[in-house]
2 protein chains.
Amino acid sequence: MVTIYDIANKANVSAMTVSRVINNTGRVSDKTRAKVKKVMQELNYVPNQMARSLVLQQSKTLFLLITDITNPFYTTLSRGAEDAARKHGYNLLFGNSDENLSKESEYINTILSTRVDGVLLAPAGDPSAAHLERLLERNVPFVLIDREVPGIQSDIVQGDSKEASKKLMEHLLSYGHRNIALVNGSSSISSARDRLQGYNEMLKLHDLSANERYIFETSFGPFKDQSGLMAWLDQLHPFPTAFLAGNNVLAMELLHALRSRGLQVPEDVSVVCFDDFGMYSDLDPFITVAAQQAYQFGYLGMQLLIERITDREEAGPQKKIILPAEIIVRRSVKKLA
Amino acid sequence: MVTIYDIANKANVSAMTVSRVINNTGRVSDKTRAKVKKVMQELNYVPNQMARSLVLQQSKTLFLLITDITNPFYTTLSRGAEDAARKHGYNLLFGNSDENLSKESEYINTILSTRVDGVLLAPAGDPSAAHLERLLERNVPFVLIDREVPGIQSDIVQGDSKEASKKLMEHLLSYGHRNIALVNGSSSISSARDRLQGYNEMLKLHDLSANERYIFETSFGPFKDQSGLMAWLDQLHPFPTAFLAGNNVLAMELLHALRSRGLQVPEDVSVVCFDDFGMYSDLDPFITVAAQQAYQFGYLGMQLLIERITDREEAGPQKKIILPAEIIVRRSVKKLA
DNA sequence: TTGTAAGCGTTATCAT
DNA sequence: ATGATAACGCTTACAA
């Protein structure tokens, strides 16, 4: 591997001069600069980022930890985060926790030992607090996306889940639905709780009794065949006329389960959900959704993170960005007589 | 930041002893070991991976460069790669080139300066050869996925694109279609060429003349509204009864364009494509596809890479894994009278 | 304008 | 079983 010293030798200068040329710092005569650059070219020199990070005490690398790489909400979010990071000259490491706390914990190890400058992450749930504490101890700046964690102070970019949930419910209710079931993510996740709350509040507002049986709680992802979901559907009576799914993955699992029971959407049963389907939004059936601004979650989150890192000293107050969702009415909801 | 010396001081041993404890190398008395471990706990010590990499001359980090993070083929592939990497104790860095050669080039810079131990990548196209040469110069092991690059020798995991293309065509032909158009990725990409070849060979086999006009070449992704595609469709006559799309993104773009022309699939026009839709496969319309083993592309590719790195000395012959695709017949193809 | 020396946090080598 | 020293490739501080 060619080092700064190889360049220095061949160019008959000191390593320091080479360093200066590389970083455009200090004064170097044009002649020397040209000579050094030429040698770097010849030897195909590429600086060793690790050596540099070691002395600089910063890696110019950020980490993005998402919970489901197969979910278009997160991949679109990733694009946003990537764009923002690169725009500011940071490299980006990705990790994928699969909504799994122990995988998340492993990634926290990686993050800590890898000495990244900061982390943008969607926590797997409330117990992630322990992982975040480890970041805090080490003074690793982080920004939360999509989910808050009780007991943890930090910048965060969130969706307005409760409000969106209410709108989705409003839509169903206005179409005459009264028996509405909820397929939701784990209640140890703040966004799931907010969605549940919106659901309950709208039921109450319409003087409908909340039926515990109508609520099914499972993982937000990744997608799998849900035998649990099937079993739950089997024991439902009266069978709901409509379902609200806590995210797009759950909507897919639900659709899958409904189909295997021979039920058509929207003819036999109506479905709405959180999150749009990325490029698949053009596929039938057009599900009515609360579309979140996935790209912005990533882009803005990354911006908050970079600000935090840049203005490290002036701690400043915690920032919270709440992104509204847009209800896109398509045709997965049937109007009841 | 607490270092190995902090531990050493507090435990009244040398840094070397701490290092031995951390890495379980050499001989350390149980008593000393226990003492050191206790101090590490107390001080919440996490080794500095960069310092370690610097001396070890290896980072235990691999890089995965894909071309479209919004494409489920690549995200599923990523899961496979991630699983394989972690299984062998490697960390994984992701990058996303967006099918864009200059973004790819930037990532090659990152890869080089970051001193990763190896790279698994889907090249953006034949011109990627220049980038791969840079890896070769530096002796950075790499494995190609999905696409080969003329002039570059390397291990590779590929799909059997030509064969799958023929099967897809066979399906269309057997349903009576004769006017079949192809929406394909750039011909500077080997897989696109293979798919075109399969298309042409089947036409020839059935004594159908290849109509240049029936072939539209564009980017494999990421998804966008395709005004070019629209324009192309507009000047097509006779209008094809069926379309073969070179991947799932193109299929979506095509569907989008067809829909805006008021055409239904399969009633008005038939569509088949490469790559399944991940969890969206359950959405209507069920497109008939050549499903590739995305997960295996990543998993096996990563295995090849790790083998290469491990047996670095015994160069061994280039390995080539060809994964067949499975035709999944759904209902996007109409039987013609 | 250029160079020398020390140090970033770790491990390999050689002593003891 | 444990420790001292040098080295990995680079940059900062200081000197010339």
Side-chain angles (χ1 to χ4, degrees), chain A residues 1-37 39-40 43-61 109-117 138-140, chain B residues 1-37 39-40 43-61 91 109-110 112-117 138-140:
Chain A
M1 199 81 309
V2 17
T3 76
I4 210 170
Y5 279 97
D6 299 325
I7 310 293
N9 282 149
K10 196 157 180 188
N12 277 311
V13 296
S14 73
M16 251 335 280
T17 301
V18 178
S19 174
R20 290 194 182 96
V21 172
I22 294 170
N23 300 292
N24 263 306
T25 66
R27 252 144 281 280
V28 182
S29 76
D30 288 353
K31 200 168 128 208
T32 311
R33 179 183 308 278
K35 187 171 51 177
V36 169
K37 283 199 164 169
V39 176
M40 291 200 304
L43 264 45
N44 251 304
Y45 172 74
V46 177
N48 184 324
Q49 186 57 45
M50 291 186 306
R52 183 180 254 165
S53 302
L54 193 58
V55 33
L56 257 27
Q57 297 285 52
Q58 57 147 350
S59 59
K60 269 288 174 183
T61 300
N109 291 342
T110 301
I111 287 166
L112 257 20
S113 67
T114 229
R115 299 295 195 269
V116 295
D117 296 343
R138 281 277 145 25
N139 251 302
V140 180
Chain B
M1 201 79 311
V2 19
T3 76
I4 211 169
Y5 276 98
D6 299 325
I7 310 292
N9 282 148
K10 197 156 178 188
N12 277 310
V13 295
S14 75
M16 251 334 279
T17 301
V18 179
S19 175
R20 290 195 182 96
V21 171
I22 294 170
N23 300 292
N24 264 306
T25 66
R27 254 145 279 279
V28 182
S29 76
D30 289 352
K31 201 170 126 206
T32 311
R33 179 182 309 277
K35 188 172 50 177
V36 169
K37 283 200 165 167
V39 176
M40 291 200 304
L43 266 45
N44 251 303
Y45 172 74
V46 177
N48 184 324
Q49 187 57 45
M50 290 186 306
R52 183 180 253 165
S53 303
L54 193 58
V55 34
L56 256 26
Q57 297 285 52
Q58 56 148 353
S59 59
K60 269 289 175 181
T61 300
N91 286 129
N109 290 342
T110 301
L112 256 22
S113 67
T114 229
R115 299 293 196 272
V116 295
D117 297 342
R138 282 277 147 25
N139 252 302
V140 180

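Throughout, a chain's letter reflects where its sequence line sits, starting with A, and its residues are numbered from 1.
Contact annotation for B:Thr25: no contact, since no heavy-atom pair falls under 4.0 Å across all strands. At the heavy-atom level, A:Leu56 lies under 4.0 Å from the strands shown only through sugar-phosphate atoms.
The phosphate of C:dT2 has OP1 or OP2 within less than 4.0 Å of a side-chain N or O from A:Thr32. Dashed line: the shortest gap from a side-chain N or O of A:Ser53 to OP1 or OP2 of C:dC8 is not under 4.0 Å. Dashed line: the shortest gap from a side-chain N or O of B:Tyr5 to OP1 or OP2 of C:dG7 is not under 4.0 Å. Phosphate proximity of D:dG9 to A:Thr3: absent, as no side-chain N or O sits under 4.0 Å from OP1 or OP2. Note on A:Arg52: every side-chain N or O is 4.0 Å or more away from OP1 and OP2 of D:dC10. Dashed line: the shortest gap from a side-chain N or O of B:Ser14 to OP1 or OP2 of D:dA4 is not under 4.0 Å. B:Gln57 has a side-chain polar atom (N or O) that falls below the 4.0 Å cut-off from OP1 or OP2 of D:dG9. Side-chain nitrogen and oxygen atoms of A:Asn48 include none within less than 4.0 Å of the OP1 or OP2 phosphate oxygen of D:dC8. Considering only side-chain N and O atoms, A:Ser19 lies under 4.0 angstrom from the phosphate OP1 or OP2 of D:dT11.
Comparing C:dC8, D:dT2, D:dC14 by their closest approach to the side chain of A:Val55 singles out C:dC8. Nearest to the side chain of B:Met16, among C:dG3, D:dT5, D:dT11, sits D:dT5.
Not one N or O on the side chain of A:Asp117 forms a donor-acceptor pair closer than 3.5 Å with the backbone of A:Gln58.
At a cut-off of 3.5 angstrom, the base of D:dG9 holds no donor-acceptor pair with the side chain of B:Arg115.
A:Asn109 is not listed as a side-chain neighbour of A:Ser113, based on a closest heavy-atom distance of 4.5 Å or more. In this structure, B:Ile4 and B:Met16 have side chains that are not in contact, with every pair of non-hydrogen atoms separated by 4.5 Å or more.
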